[in-house]
Participant: 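The structure is given below, and queries will be raised subsequently.
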Amino acid sequence: MIIQEFTCKEIKREVDVISFSWESPSNIALVKYWGKNSDQTPKNPSISFTLSDCKTKTSVSFKRKKNKSDNIDFELLFEGEKNFSFRPKIEKFFSLIKNYFPFLLDYHLTISSSNSFPHSSGIASSASGMSALSLCLMSFEKELTLIKDDFFFKKASFISRIGSGSACRSIYGGINFWGSHPEFAFSSDLYSIQISDNISPEFHKYRDVILIIDDSKKEVSSSVGHELMNNNPFSNLRFKKANNNISRLMNILKSGDLNEFCSLVESEALMLHSLMMSGHPTYILMKPATLSVIDKIRQFRMDSKIPVCFTLDAGANTHILFPDKFSEQVMIFIKNELSHYCINQNYISDFIGSGPKQI
Ligand code: PMV
């Protein structure tokens, strides 16, 4: 089904060769998206922090061809080399979005991408990668049709979502809300919305330090994980709970109650992993070191009274969230007490960021 709102507007310019580059960050969900419909709309709404330094840089050059093709024609370079392993994912993405960019059938695309974080760090690059690519496609649409900025970003989020659900939350900086919720009239399953009104100053400068505990390829991909939610015995309860947690988190973001924030964010992370452990088949993505660092973080929080908490993606790597004003004490704690749980003592220090940039 084509969503009319996002079809391409009238072409107003002729272009033979052009290129655009964007860098786009990853994001970390506070209330998790886990379970989706066949059109990659979510089974429940989610809220995330957009990161700053974990990002993908993508350039796309568009060259007009002699003849129009049936599919979007492209070549893919990753970190400077021809890449075949990501090709099927991009092919599928292009087949799903070509009706929203009919002009692309007249061009040959050369896509060149690289990540700021090591490919083998276990950090998912689908959110940063799909959002950076979608922004490049939107820049070309803007060049041809002269669309306005608000439509540009809304469609970029809509298109990113088709590539990877959580990617739609990387189009804007700060805090993002994706998925419809009865209490929030602005919310939509089709794209994310940045929430910036009434946010407590406690959240203005927040940090995310990512402990690299496992750098291997995930045993169960997120796509399979989402699918397993279709017959998970707890799924309906989960979707209801996620909706409640969204309302709770929206209140916390207003009030700035950081103890409540820690309690909610950690319960979301553990619920995500408990769903993996209670489906059919069951699977476990956390590693023993994940549990050890969780234990240490909770002990540190109790002893220091600093509101530092953890969250997890669909993997073993642990994200540590805390207000920037506690950086000195928390970074010493991470270095002295947690870094030896990381592969080669490797962790990534990041912040909540201001969103993608055209370069
Ligand atoms: O966007 P996907 O299909 O990679 O799924 C992301 C799922 C989680 O990272 C586990 C949660 C989330 O909301 O980002």
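Only a predicted model underlies this, so the values are computations on that prediction, with no experimental measurement involved. Every number for a ligand or one of its atoms is a count from 1 in the order of the listing.
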Participant: Consider every N or O of Tyr33 and every N or O of ligand 1, then say whether any pair is closer than 3.5 Å.
Facilitator: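 For ligand 1, there is an N or O atom that lies under 3.5 Å from one belonging to Tyr33.
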Participant: At under 4.0 Å between heavy atoms, which part of Arg169 makes contact with ligand 1: side chain, backbone, both or neither?
Facilitator: side chain
Participant: Parallel, tilted or perpendicular, judged at 30° and 60°: which one describes the rings of Phe300 and Phe333?
Facilitator: parallel
Participant: Hey, which atoms in ligand 1 end up nearer than 4.0 Å to a heavy atom of Ala29?
Facilitator: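 Within the 4.0 Å cut-off of Ala29, ligand 1 contributes 12 (C), 13 (O), 14 (O).
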Participant: Can you find an N/O atom of Ser46 closer than 3.5 Å to an N/O atom of ligand 1?
Facilitator: no
Participant: Below 4.0 angstrom from a heavy atom of Ala314, which ligand 1 atoms are there? Numbered from 1 as shown, please.
Facilitator: 10 (C)
Participant: In terms of ring plane angle, is the pair Trp178 and Tyr33 parallel, tilted or perpendicular, where the classes change at 30° and 60°?
Facilitator: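 Trp178 and Tyr33: perpendicular rings.
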Participant: Determine the interplanar angle of the Phe140 and Phe103 rings, folded into 0 to 90°, and report it as parallel if under 30°, tilted if 30 to 60°, perpendicular if over 60°.
Facilitator: perpendicular
Participant: Do Asp295 and Gln299 meet the criterion of a side-chain donor-acceptor pair at a distance under 3.5 Å?
Facilitator: no
Participant: May I ask you to say whether Lys325 pairs ionically with Glu202, meaning some side-chain N is under 4.0 Å from a carboxylate O?
Facilitator: yes
Participant: Among Phe6, Phe152, Phe101, find the one that has a ring-ring contact (aromatic ring centres under 6.0 Å, His included) with Phe158.
Facilitator: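 Output: one option passes, namely Phe6.
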Participant: Check each atom of ligand 1 against the heavy atoms of His226 and keep those under 4.0 Å away; list them by number with element.
Facilitator: 2 (P), 3 (O), 5 (O)
Participant: Output the list of atoms in ligand 1 that are nearer than 4.0 Å to some heavy atom of Gly165, sorted by atom number.
Facilitator: 1 (O)
Participant: State the atoms of ligand 1, each with its element, that fall below the 4.0 Å cut-off from a heavy-atom position in Asp313.
Facilitator: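 Going through ligand 1 atom by atom, the ones under 4.0 Å from Asp313 are 9 (O).
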Participant: Under 4.0 Å from a heavy atom of Ser222: which atoms of ligand 1 are those, numbered in the order shown and with their elements?
Facilitator: 4 (O)
Participant: Just go through Ala167, Gly35, Ser48, Ser166 and tell me whose heavy atom is the nearest to atom 6 (C) of ligand 1.
Facilitator: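 Shortest heavy-atom distance from atom 6 (C) of ligand 1: Ser166.
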Participant: Is there a chain of hydrophobic side chains (I, L, V, M, F, W, Y, each step under 4.5 Å between heavy atoms) that links Phe93 to Phe74?
Facilitator: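 Yes: a chain of side-chain contacts under 4.5 Å links Phe93 to Phe74.
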